[in-house]
2 protein chains.
Amino acid sequence: MDETRQRDREGTRRRILDAARRLFADLGYDQVTMRLIAAEADANIALINRYFGSKRELFAEVLAMQGRFPGVLDCPEEELPRRLAEYIAERLRSDQASPVMAALIRSSNCPEIHDLIRDRVSSAILEPLSARLSGPDAAFRARIATALITGNGTMRQLYGPESSDVPDREAVIARLTAIFEACLSR
Amino acid sequence: MDETRQRDREGTRRRILDAARRLFADLGYDQVTMRLIAAEADANIALINRYFGSKRELFAEVLAMQGRFPGVLDCPEEELPRRLAEYIAERLRSDQASPVMAALIRSSNCPEIHDLIRDRVSSAILEPLSARLSGPDAAFRARIATALITGNGTMRQLYGPESSDVPDREAVIARLTAIFEACLSR
DNA sequence: TAAGTTAGTAGACGCTTGTTTACTCGTCAA
DNA sequence: TTGACGAGTAAACAAGCGTCTACTAACTTA
């Protein structure tokens, strides 16, 4: 309480940003309070707005911090279904979901950041995926595939990883590949 | 203000329940305040808890009010993909989403009612769908199909209906049918 | 060493939330 | 007509929220 603390602007800023990233991913935007972030970062609550302006701007910076949808989309069109299937299969089993994705899904109903979420989904998944698709109705096909990805996140949020007894990894990937092919094929 | 009001217990109760159903579907659990429900129902806020106990119990009653996942699942196994595809296609275009589904998706991150949401998704979609599937890994296949359904709701919430130029209804249904077949086939 | 800058702190601000209390008064049985 | 019941009302409750202000004290610079 009455301990003195090292003065470390950059360090404190980074601790806050890290804590926010973790908490937003775990709990979603509106379940995370400024006081919770401050406690997790072991920093004073007033410093959050001093360094980031507001909770909303902090969330925006957390989103900006992350790269785009993990390299998954960087491949020729014909490999997309398999790559997406492997990604989902990983997320099905793994203990932690993708931090950005989790933050997006858990926060998608908060009107204050609705535009941030939408823009992020667009720029990180929807648009790059759509741009990689040849043939007609690329936007629509990309939207369905994206729905599958976000829906998987929602189910994971509801039931946790691997709620039902999941078949072996190869079978999962094979099925998911077939599904994404049905989504994305021209 | 100083007008006297008719005393109508059942009527008031129903107005509150209707208002709650509309608002929960439109905004999700935690964006709906007791005062908003009271205003929409043109009733006093204290009456909500008098008749329903608490906000949470009111939400539970709204969920219980609705039938299960609209008759979509009442068909032989081989017709399931087509039926689900038609359902999604309808929800893609229509101005209003399914009230229950909307409430579920918009509220899925509120911890206070997490168990209500999960149980409802289980009993209304996941379990009946899984029970109708023959062959191995029925639960897993049902989970993927459910992910597609809820994910479609999330995308709809983010982008509204028909954000991208959607192809004609027949093409949409054909593609969605193929996708659900890939999800559900043994 | 003295002055200025600024990271860090404590606490309050105004507001909203779900919930509850104390009360008014219409309705109906005795 | 009177008394009890209960639907409806207004106002307050405690708790929590994001934000902001006034302040302390550590570091830098002259």
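Quick note: numbers below take in every heavy atom, side chains included, and nothing from hydrogens, waters or symmetry partners.
When the side chains of ILVMFWY residues are joined at heavy-atom separations under 4.5 Å, either directly or via intervening members, B:L80 and B:I173 end up in two distinct hydrophobic clusters. A chain of hydrophobic side-chain contacts below 4.5 Å, direct or via other Ile, Leu, Val, Met, Phe, Trp or Tyr residues, connects B:Y51 to B:F24.
The nearest whole Å value for the distance from the CZ atom in B:F52 to the P atom in C:dG18 is 16 Å. Nucleotide C:dT21 holds its P atom 11 Å from the CG atom of B:N49, rounded to whole Å. Distance A:I45 CD1 to D:dG18 P: 7 Å, rounded to the nearest Å. Residue B:L23 contributes atom CG, which lies 12 Å from atom P of C:dG18 at whole-angstrom precision. Following rounding to the nearest Å, A:I16 (CD1) and C:dT9 (P) show an atom-to-atom distance of 10 Å. Rounding to whole angstrom units, CE of residue B:M34 and P of D:dA11 are separated by 19 Å. Remark: C1' of C:dG18 and CZ of B:R35 are 7 Å apart, rounded to the nearest angstrom. When the C1' atom of D:dC17 is taken as reference, atom NZ of A:K55 falls 8 Å away, rounded to whole Å.
With salt bridges taken as basic N to acidic carboxylate O contacts below 4.0 Å, one links A:R82 and A:E86. Comment: B:R169 engages B:E90 in a salt bridge, judged by a side-chain N to carboxylate O separation of less than 4.0 angstrom. A salt bridge links A:D115 to A:R56: one of the charged nitrogens lies within less than 4.0 Å of a carboxylate oxygen.
At a threshold of 4.0 angstrom between heavy atoms, the contacts of B:I48 with the nucleic acid are absent.
Toward the 5' end of DNA chain C, the nearer of the two residues B:Q31 and B:A46, judged by each one's closest nucleotide, is B:Q31. Closest-nucleotide positions on DNA chain C for A:D42 and B:T33 were compared, and the one nearer the 5' end corresponds to A:D42.
Atoms CZ and OG, on B:R141 and B:S134 in that order, are 6.5 Å from each other to the nearest 0.5 Å.
For the residue pair A:S130 / A:E127, no side-chain donor-acceptor distance below 3.5 Å is found, with atom types taken as modelled.
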Protein-to-nucleotide contact annotation, 5' to 3' order, nucleotides 2-8 of chain C [B base; S sugar-phosphate only; - none; under 4.0 Å, heavy atom]: ----BBB
